[in-house]
Amino acid sequence: MKLIVAIVQDEDAGRLVSALMDKGFGVTKLATTGGFLRAGNTTLISGVEDDKLDEALSIIEKICKSREQITASTTPMSGGAGGVYVPYPIRVTVGGATVFVLEVSQFLKV
Ligand code: 2BA
């Protein structure tokens, strides 16, 4: 068995949970925050049998879109201890999904 940990954008999370559940996957949805943008995202965890892993990953890939977001850079405009911090907008591409697949050593419901 594998544990999928998928960090997705909030906009995709509802549809992704529905699509996974429609295909019989168990899902837990967590409200999370990305370290770089400091903005909300969603982390889904799903325990899947080995022979179902590819199906789950392809559902995630199909639903999660990449999007551009604008954030403020806090890089100093001039160096040294007295550097001036002038925030300026930078564009980052977020997603589709950041996915970790972990081996499950035990799956218990007690
Ligand atoms: P955030 O950390 O808020 O990052 C949002 C997006 O900002 C990233 O999209 C990436 O395009 C950009 N980004 C992140 N760190 C950067 C940096 N140091 N310099 C320039 N741009 C940077 P994604 O790569 O699609 O990541 C989306 C979210 O997935 C991340 O939100 C974070 O919550 C999670 N994530 C990504 N890589 C991870 C990792 N190795 N471990 C744990 N979580 C991760």
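Both counts, for ligands and for their atoms, begin at 1 and track the order of listing. In this text the structure is predicted, and so the values were computed from the model without any measurement.
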Chi angles and distances behind the side chain to side chain contact (heavy atoms under 4.5 Å, CB included) call for Ile60, Ile4: CA-CA 10 Å; Ile60 295 169; Ile4 298 174; 4.0 Å; yes
Nearest 0.5 angstrom please: Glu11 CD to Cys64 SG, how far? 10.5 Å
Residue list, side chain to side chain donor-acceptor pair (under 3.5 Å) with Arg38, at least two apart or on another chain: none
How would you list, by chain and number, the residues with a heavy atom under 4.0 angstrom from ligand 1? Ile7, Gly34, Gly35, Phe36, Leu37, Asn41, Val92, Thr93, Val94, Gly95, Thr98, Phe100
Going by side-chain contact (heavy atoms from CB on, under 4.5 Å), name the residues that satisfy it together with Ser58, two or more places apart in sequence or in a different chain. none
Residues in salt bridge (Lys or Arg N to Asp or Glu O under 4.0 Å) with Glu61, at least two apart? none
Among Lys65, Lys29, Arg67, which one satisfies salt bridge (Lys or Arg N to Asp or Glu O under 4.0 Å) with Asp12? Arg67
